[in-house]
Engineer: 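Here it is: the structure, laid out below.
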Amino acid sequence: MEERKAWEALLKDPQRSYDAQCKKILSLKKILAYLYKECLSEYKGLSLKEINY
């Protein structure tokens with residue numbers, strides 16, 4: 001029942017829903033590895049596989 005209330009709250013507030021989806025996406029290691037490689041100079045020379053592990 002609490003889970004349903006949480007989902008209803010997310011659906012009522014679009015910004016909160018957007019933030020929750022971004023958090024889910026950024027919790028994926030493969031996405032973070034790509035962002036690190038493209039945005040941080042320390043990771044530019046590494047492969048995605050090296051960054052991911």
Side-chain angles (χ1 to χ4, degrees):
M1 189 69 162
E2 287 183 32
E3 186 176 324
R4 182 183 172 123
K5 288 180 183 179
W7 277 108
E8 288 174 355
L10 282 175
L11 294 173
K12 286 181 183 176
D13 184 2
Q15 182 62 40
R16 188 170 172 190
S17 179
Y18 178 78
D19 291 345
Q21 292 301 318
C22 288
K23 185 177 179 181
K24 285 181 184 179
I25 291 169
L26 292 174
S27 70
L28 300 172
K29 287 183 179 182
K30 289 182 180 182
I31 301 292
L32 283 177
Y34 181 78
L35 290 173
Y36 285 1
K37 182 172 178 64
E38 295 300 316
C39 299
L40 301 172
S41 59
E42 296 90 352
Y43 293 92
K44 291 225 185 265
L46 299 174
S47 71
L48 292 175
K49 199 171 197 176
E50 291 173 315
I51 296 169
N52 202 20
Y53 293 105

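Note that the structure is predicted; figures quoted are calculated from it, not measured.
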Engineer: Nearest heavy-atom pair of Leu26 and Leu35: which atoms, and what distance?
Structural biologist: CD2-CD1, 3.7 Å
Engineer: Could you tell me which non-hydrogen atom of Glu38 sits nearest to which non-hydrogen atom of Lys44, and how far apart they are?
Structural biologist: O-NZ, 2.8 Å
Engineer: Compare every heavy atom of Lys37 with every heavy atom of Ile51, then report the nearest pair and how far apart it is.
Structural biologist: CD1-CB, 3.7 Å
Engineer: What residue pairs, at least two apart or across chains, pass side chain to side chain donor-acceptor pair (under 3.5 Å) with a residue in residues 19-30?
Structural biologist: Gln15-Asp19
Engineer: Give the other cluster members for Tyr34, using side-chain heavy-atom distances under 4.5 Å between Ile, Leu, Val, Met, Phe, Trp and Tyr residues; answer none if it is isolated.
Structural biologist: Leu48
Engineer: Might you point out which heavy atoms bring Tyr43 and Tyr36 nearest each other, and give the distance in Å?
Structural biologist: CB-O, 3.6 Å
Engineer: Holding to side chain to side chain contact (heavy atoms under 4.5 Å, CB included), I want the full list of residues that pass it with Lys49, two or more places apart in sequence or in another chain.
Structural biologist: Ser47, Tyr53
